[in-house]
Amino acid sequence: MHINNEDQAKEAIALWRTDPPMAQRKNLRLAQESLELSQMYYEQKGNEQGVTRAAGCLSLIANRLAEIEAE
C-alpha cells in the first residue's frame, strides 16, 4: 500500500492492526522505507509540503512501531 498522506497512513495502520505483530512490523518498516525515500525526493525538489506530509506519516508509523515493541 502506497501512503501519500496522514489519512492514508492511519487507514493502513488500522488495516494492519489485525495482522500478527511480525507482519505488522514488516508492513510498517516497508512503508517507512518508502516514505523516507519520498521525503528525500521532496527535499531534493524543494517541495516543503511534500516533506511535511512525509514527516507526518513517518511519525505515525514510528508511533505504531513503538506501540508494537511495547506490547
Side-chain angles (χ1 to χ4, degrees):
M1 170 178 254
H2 189 70
I3 298 172
N4 292 316
N5 57 50
E6 289 185 26
D7 289 337
Q8 289 178 349
K10 290 174 186 174
E11 287 176 29
I13 290 168
L15 285 173
W16 295 331
R17 281 186 187 272
T18 59
D19 295 341
M22 186 178 288
Q24 285 187 59
R25 279 195 291 279
K26 178 185 174 195
N27 288 328
L28 289 164
R29 288 195 179 111
L30 289 172
Q32 186 177 39
E33 289 173 9
S34 176
L35 285 163
E36 288 170 346
L37 290 172
S38 293
Q39 188 176 34
M40 287 188 288
Y41 172 80
Y42 293 136
E43 286 172 354
Q44 288 178 343
K45 296 295 181 183
N47 182 341
E48 285 302 314
Q49 288 179 329
V51 171
T52 302
R53 266 194 325 268
C57 294
L58 284 166
S59 177
L60 292 170
I61 299 288
N63 288 341
R64 181 59 188 143
L65 280 167
E67 288 174 4
I68 293 168
E69 297 302 324
E71 291 176 355

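Heavy-atom basis, side chains included; hydrogens, waters and symmetry copies ignored.
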According to salt bridge (charged side-chain N to carboxylate O under 4.0 Å, His left out), does anything in residues 51-60 pair up with another residue at least two apart or in another chain? List the pairs.
none
Can you find a pair of side-chain heavy atoms, one from Asn27 and one from Leu15, that are under 4.5 Å apart?
no
Checking Ala55 now: which residues fulfil side chain to side chain contact (heavy atoms under 4.5 Å, CB included) with it, not counting sequence neighbours?
Gln39
What residues, two or more places apart in sequence or in another chain, satisfy side chain to side chain contact (heavy atoms under 4.5 Å, CB included) together with Gln8?
Ile3, Asn4, Asn5
Expected list for residues 60-71: side-chain donor-acceptor pairs under 3.5 angstrom, two or more places apart:
{"unit_1": "Asn63", "atom_1": "ND2", "unit_2": "Ser59", "atom_2": "O", "d": "3.3"}
{"unit_1": "Arg64", "atom_1": "NE", "unit_2": "Gln24", "atom_2": "OE1", "d": "3.3"}
{"unit_1": "Arg64", "atom_1": "NH1", "unit_2": "Glu67", "atom_2": "OE1", "d": "2.8"}
{"unit_1": "Arg64", "atom_1": "NH2", "unit_2": "Gln24", "atom_2": "OE1", "d": "2.7"}

Which other residues end up in the same hydrophobic cluster as Leu30, if Ile, Leu, Val, Met, Phe, Trp and Tyr are linked when side-chain heavy atoms come under 4.5 Å apart?
none
Residues clustering with Tyr42 (ILVMFWY side chains joined when closer than 4.5 Å, directly or via others):
Tyr41, Val51
Distance, nearest 0.5 Å, that separates SG of Cys57 from NZ of Lys10:
9.5 Å
Spacing of Arg17 atom CZ and Asp19 atom CG [to the nearest 0.5 Å]
11.5 Å
